[in-house]
Amino acid sequence: MGTAAATKKRPFILLGILCLIIGFVIGILIGFLSSSRRGGSNGKRAEDDTISEKLLAAIDKEEIRENLRYLTSKPHVAGTPISKEQAEWVRDRFLENGCDDAEIVQYKLLLSYPSKEAGKENRVQLLATDGSVLHESQLVEANLDPEVDVSEMLPPFSAYSAAGEVEGDLVYANYARIEDFEHLKNNHSIDVRDKIIIARFGAIYRGDKAKNAGLYGAKGIILYSDPYDFAIEGEAVYPDGPHLPGTGTQRGSTMFKFGDPQTPGYPALETAYRIPEENLTVLPIVPVHPIGYDDAKEFLKLMAGEEVESKWRGRIENITYRYGPGFAGADANKRVAMRIYTHNQEAYGWNVIGTIRGEIEPDRYVMMGNHRDAWGFGAVDASGGTAAMVEITRAFGKMMKRGWRPRRTLKFCSWGAEEFGLIGSNEWVEEFSKNLNERAVAYFNMDIIQMGTHVVAISDTPNLSNAVYAAARKVKDPSPSGNRQTVYDTWVERSLKGTNDDGTPVIGTLGSGSDYAPFVQLVGVSALDFSYRHDKKAHPNIALYPAYHSVYDTFRLVEKFYDPEFKYHLAGAQLFAELLRDFSDSAMLPMDCPYYAESVQGYVKSFKEGDIGARMIQEGLSLDGMQEAADKLTQAAKEFKQRLGAVDTKNTLQVRQINDQMMKLDRAFIDPLGLPGRPFVRHVLFAPSSKNAYASDKFAGIADAMFDIDNNLDANKWETVKQQLAAVTFAIQSAASTLVAPA
């Protein structure tokens, strides 16, 4: 019986052995095919040199046009139903275009809105002696284009303004900078305490204007857009041209920091601890309100006091600009009233994150971002960028349908609530800072893709500059002529910042006016910001673009005056697409560490030769350590470049190690303690000026500590300077150590 049983089992044993053999062979075949497809079983593959040209050709300017048409169909202020609707639209487009994943990330924020209650509309009034109203600022901007539905447009307001009703005499304070208030006090003996300030937009961030007014004791501040800064003399205003009409009014945030005001340092999740609103110190303490220059004229034409100096004069017709205080002659007893009912409230903000997973290194992120929210229709700021980004995902999707996939992961980030203070991007970086610290390669920011047709304006961390030059050489110029055939050619010829010794156009450094800031300042991710600009050399006083943050930033503004053929939007999209391809698909990251080190040497040299460095040396402080650190970084970068040239690109581990050293160079410049009084501003080389959040300071911690130091009564002021000097010196030394060959 045992023999018979064994005989019966033998076919099953043979069948099992046969299955094992077949499974083994299939496994080998799968592995071989997978290896062939990916370029090697250990993660190696050949780069496809044809993808760049195909990718750029796949971007369609008419698709950008139609995206923009939808995005500007209604005002889409953060926290509103239309803002969520557009977030869902972007998510759906990402998925339709070929992203592997797209998700909406929600945060609970403290936002700010004007009152909707009848009789409590924000306004500025001119009062007669008996209190009767002689003039009142417009409650809404005039609709100058009957084809545009403005019924859902929020009235002019300054987000996060203090609410209140104040009356007083008026003082004209130019741009409301620190130096302007000091000029009033020291040169004209004008005390602004208990006065109402009127100042023009421009020069610095509006929140800093509000902050300065409060610091100097004013009751409130009225901000207006002067035609000197927002309209070119002799050229048409909207709707007949691109310039700001007298009814145009600039909305905007006045918060002093970036990110949700109640959850500093932590993401604004439902479970987050929130600082009670009454304990917040990052919002204005005085009422703030914007008006157009038609309204401003009604107040400025009555002003008393000396005539202002030439650089304080605007260009409102038929008035003489005077300092004040108060009004002259028969108008001396008239007063100004601000009646402001803006309120803060909890609301939701929605980011949209689209992902194309990398084939070889899915844990390395190359990111592009643009904010989706606007103060109105937002055609220029910043729906043009969103329209372009959505089209870029479509182009990458077409490449993937042809069998291509990037080596590293691409992330497309549509930020919500940027206009309130970079909130969406800031909260996301705070939430995922640990992952980003390990995985983020670079962040490319497209806020306003186009606000002019003259030349590109780019700011970055210096390790990206040469890759930017290479990408610009590949993109055709939107309006070629003669030797100007590529974006790079025109950039060299028309560069707003001049050219370097090697003939390349100068690239600026990053401040904090857009969503690159949390990446640079919180984590130390290398970043870039881009826009097409007007000719600032011919019109240096024009700030950004004239219709900025007004009801007149419409689809019509772009289609008729800025980019009728959408060829500048196309060029900007192509430039970004090429950068994304280069950084996501090149085996070796196109980051230039020696150029970064060379730039640091230049910063140190300029610092030592500048006023701050000279004053520190005068005080007996030595800058030798700072110079020695820069020299070490230069030497380390030189040796790193030699090792880079000897890398075996078939050795996956060696490639990864070198790339990680390049990727993390910027992390070394992060001071975990932050700058003095600004714990969440941490990059010691580049940081927003504490006096103007839009501008960039080099060695901002030292610059902050040295500001007006001779009049600073703090007994420890020089100790703070020494501490910041030591922090910068150490950071540069740390950067050098990150480039040293592993032991």
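Atoms considered below: every heavy atom in the structure, side chains included; atoms not considered: hydrogens, waters and symmetry mates.
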Does atom [atom1] of [X] have more than 12 heavy-atom neighbours, drawn from other residues, nucleotides or ligands, at distances under 6.0 Å?
X	atom1	result
Lys641	NZ	no
Phe432	CZ	yes
Phe730	CZ	no

Give a yes-or-no answer on whether the side chains of [X] and [Y] include a donor-acceptor pair shorter than 3.5 Å.
X	Y	answer
Asp529	Ser459	no
Asp460	Ser465	yes
Glu418	Ser425	no
His76	Ser383	yes
Gln574	Glu578	no
Arg372	Thr386	no
Asp666	Ser526	yes
Gln601	Asp631	yes

Side-chain heavy-atom pair [X], [Y] within 4.5 angstrom cut-off:
X	Y	answer
His569	Glu391	no
Met368	Lys411	no
Phe444	Phe530	no
Thr263	Arg274	yes
Thr409	Asp363	no
Leu665	Thr738	yes
Leu283	Thr254	no
Phe412	Leu580	yes

Have a look at Leu528 and tell me which of Ile507, Thr461, Val468 forms a side chain to side chain contact (heavy atoms under 4.5 Å, CB included) with it.
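Single side chain to side chain contact (heavy atoms under 4.5 Å, CB included) partner of Leu528 among Ile507, Thr461, Val468: Val468.
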Show the numbers, then the answer: is there a side chain to side chain contact (heavy atoms under 4.5 Å, CB included) between Tyr107 and Leu269?
CA-CA 5 Å; Tyr107 296 104; Leu269 304 172; 3.8 Å; yes
Would you check if the distance from the ring center of [X] to the ring center of [Y] is below 6.0 Å?
X	Y	value
Tyr548	Tyr545	yes
Tyr603	Phe686	yes
Tyr596	Phe669	yes

Between Tyr488 and Tyr469, how do the two ring planes meet: parallel, tilted or perpendicular, split at 30° and 60°?
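Ring orientation, 0 to 90° scale: perpendicular.
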Parallel, tilted or perpendicular: which fits the ring planes of Trp415 and Phe519, with parallel below 30° and perpendicular above 60°?
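Trp415 and Phe519: tilted rings.
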Side-chain ([X]) to main-chain ([Y]) donor-acceptor, under 3.5 angstrom:
X	Y	result
Arg678	Pro688	yes
Arg364	Gly358	no
Gln661	Val740	yes

Are Tyr532 and Val487 close enough, and set up right, to give a side chain to side chain contact (heavy atoms under 4.5 Å, CB included), and what steps lead you there?
CA-CA 11 Å; Tyr532 260 103; Val487 168; 3.6 Å; yes
Would Asn659 and Met588 count as a side chain to side chain contact (heavy atoms under 4.5 Å, CB included) here? Give the steps.
CA-CA 6 Å; Asn659 280 341; Met588 303 303 301; 3.8 Å; yes
Working for side chain to side chain contact (heavy atoms under 4.5 Å, CB included), residues Tyr365 and Phe583:
CA-CA 9 Å; Tyr365 302 159; Phe583 278 79; over 6 Å; no
